[in-house]
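Since the structure comes first, as structure tokens, the remarks are kept for the end.
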Amino acid sequence: MRIATWNVNSLNARLPRVEEWLAYAQPDVLCMQETKVADAAFPAMAFSALGYETASHGDGRWNGVAIASRVGLSDVVGGFGASAADPADAAPDDRGARLVAATCGGVRVHSVYVPNGRSVGSEHYAAKLSWLEDLRAYLERTCAPGDDVAVCGDFNVAPEDRDVWDPAAMEGSTHVTEPERAALAAVQAWGLSDAFRLCYQQDQLFTWWDYRAGNFHKHMGLRIDLVLVSKSLAERVSGALVDRNARKGKQPSDHAPVLVDIDR
DNA sequence: ATGGTAGAGGATCTA
């Protein structure tokens, strides 16, 4: 199975690039973030024409996540939903259309768009940390580490300094702080491995570059788009790739897609 | 000197 994740930064603006990319990259499953499209307006026909079923969770203007699959797509759940333990208990609500899950080819697939956090110490930063806590809790109550589970998306956290173009310049900024990294590590500690890191150990391999100031061409980026896989999948990872070519050319997203191949 | 660019929407807000 080839599973991919891509923050498309508006599916309406990016649909031609996404269609082109599906045709040459041939993923079995594609998790998308920042679709910025309401479910009712999701371009499902464009995907079905290419052989993909889709699940969307979006309310239109901001955020929005989706999954496209050509290996089946069932049991779609959007958002965190109610707590199974106690539905009345502060069930983390949708919190901005940042999570959708579906079962594709026997794998429980999650497309996640972690809040940006804006600035350290802001309410948005606190919300980012609590969102990651909610993600961990969601995994605990909806699946088991022994299952085939993939959590893919834009985590807005660079896990380590080697995932940062200039750690000194970034020090103290969002995406690299210790609390953010600890919150991500807590999600992974549930039982998930960073599939890209199973394949590559080099530094300076990025998935996002700011549109501004020519950052892409100056190699000023971050690795914040991750494919996290449970143990049973990690054992079968045969390759991974950041498709930098998809960040080039006409009207690119500011993120490149990440692909992971898993042996059946 | 918080710039620089992109997307949504129709003024700014978000990233």
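In what follows, every chain begins at residue 1, and chains take the letters A, B, ... in the order their sequences are listed. Values reported hereafter were calculated over all heavy atoms of this structure, with side chains retained and with hydrogens, waters and symmetry mates removed.
Contact check on Arg2(A) versus Asp28(A) returns no salt bridge, with no Lys/Arg side-chain nitrogen under 4.0 Å from an Asp/Glu carboxylate oxygen.
When hydrophobic residues (I, L, V, M, F, W, Y) are linked wherever their side-chain heavy atoms come within less than 4.5 Å, the members clustered with Val227(A) are Met1(A), Ile3(A), Val29(A), Val65(A), Ile67(A), Val71(A), Leu73(A), Val76(A), Val100(A), Val107(A), Val109(A), Tyr113(A), Phe196(A), Leu198(A), Tyr200(A), Leu205(A), Val229(A), Leu233(A), Val237(A), Val242(A), Val258(A), Val260(A), Ile262(A). Members clustered with Phe42(A): Trp6(A), Val8(A), Leu11(A), Leu15(A), Val18(A), Trp21(A), Leu22(A), Tyr24(A), Leu30(A), Met32(A), Val37(A), Phe47(A), Leu50(A), Tyr52(A), Leu241(A), Leu259(A), by chain and number, using a 4.5 Å side-chain heavy-atom cutoff among hydrophobic residues.
Spacing between dC13(B) and dG9(B) at atom C1', rounded to whole Å, works out to 10 Å. Across dA11(B) and dG7(B), the matching C1' atoms stand 15 Å from one another, rounded to whole Å. Spacing between dT14(B) and dT2(B) at atom C1', rounded to whole Å, works out to 15 Å. Taking the P atom of each, dA1(B) and dT12(B) are spaced 26 Å apart, rounded to whole Å.
Among the heavy atoms of the strands, none lies under 4.0 Å from Phe216(A).
Looking at which nucleotide of DNA chain B each of Gly214(A) and Asp254(A) is closest to, the 5′-most match is held by Gly214(A). Both Tyr113(A) and Asn9(A) lie close to DNA chain B; mapped to their nearest nucleotides by heavy-atom distance, the more 5′-ward contact belongs to Asn9(A).
Taking the 5' to 3' direction, DNA chain B first and last meets chain A under 4.0 angstrom from a heavy atom at dG4(B) to dA15(B).
Partners of Asp163(A) under the salt bridge (Lys or Arg N to Asp or Glu O under 4.0 Å) rule, at least two apart in sequence or in another chain, are Arg197(A), Arg223(A). Residues satisfying the salt bridge (Lys or Arg N to Asp or Glu O under 4.0 Å) criterion with Asp161(A), sequence neighbours excluded, are Arg181(A). For Asp243(A), the salt bridge (Lys or Arg N to Asp or Glu O under 4.0 Å) criterion is met by no residue, not counting sequence neighbours.
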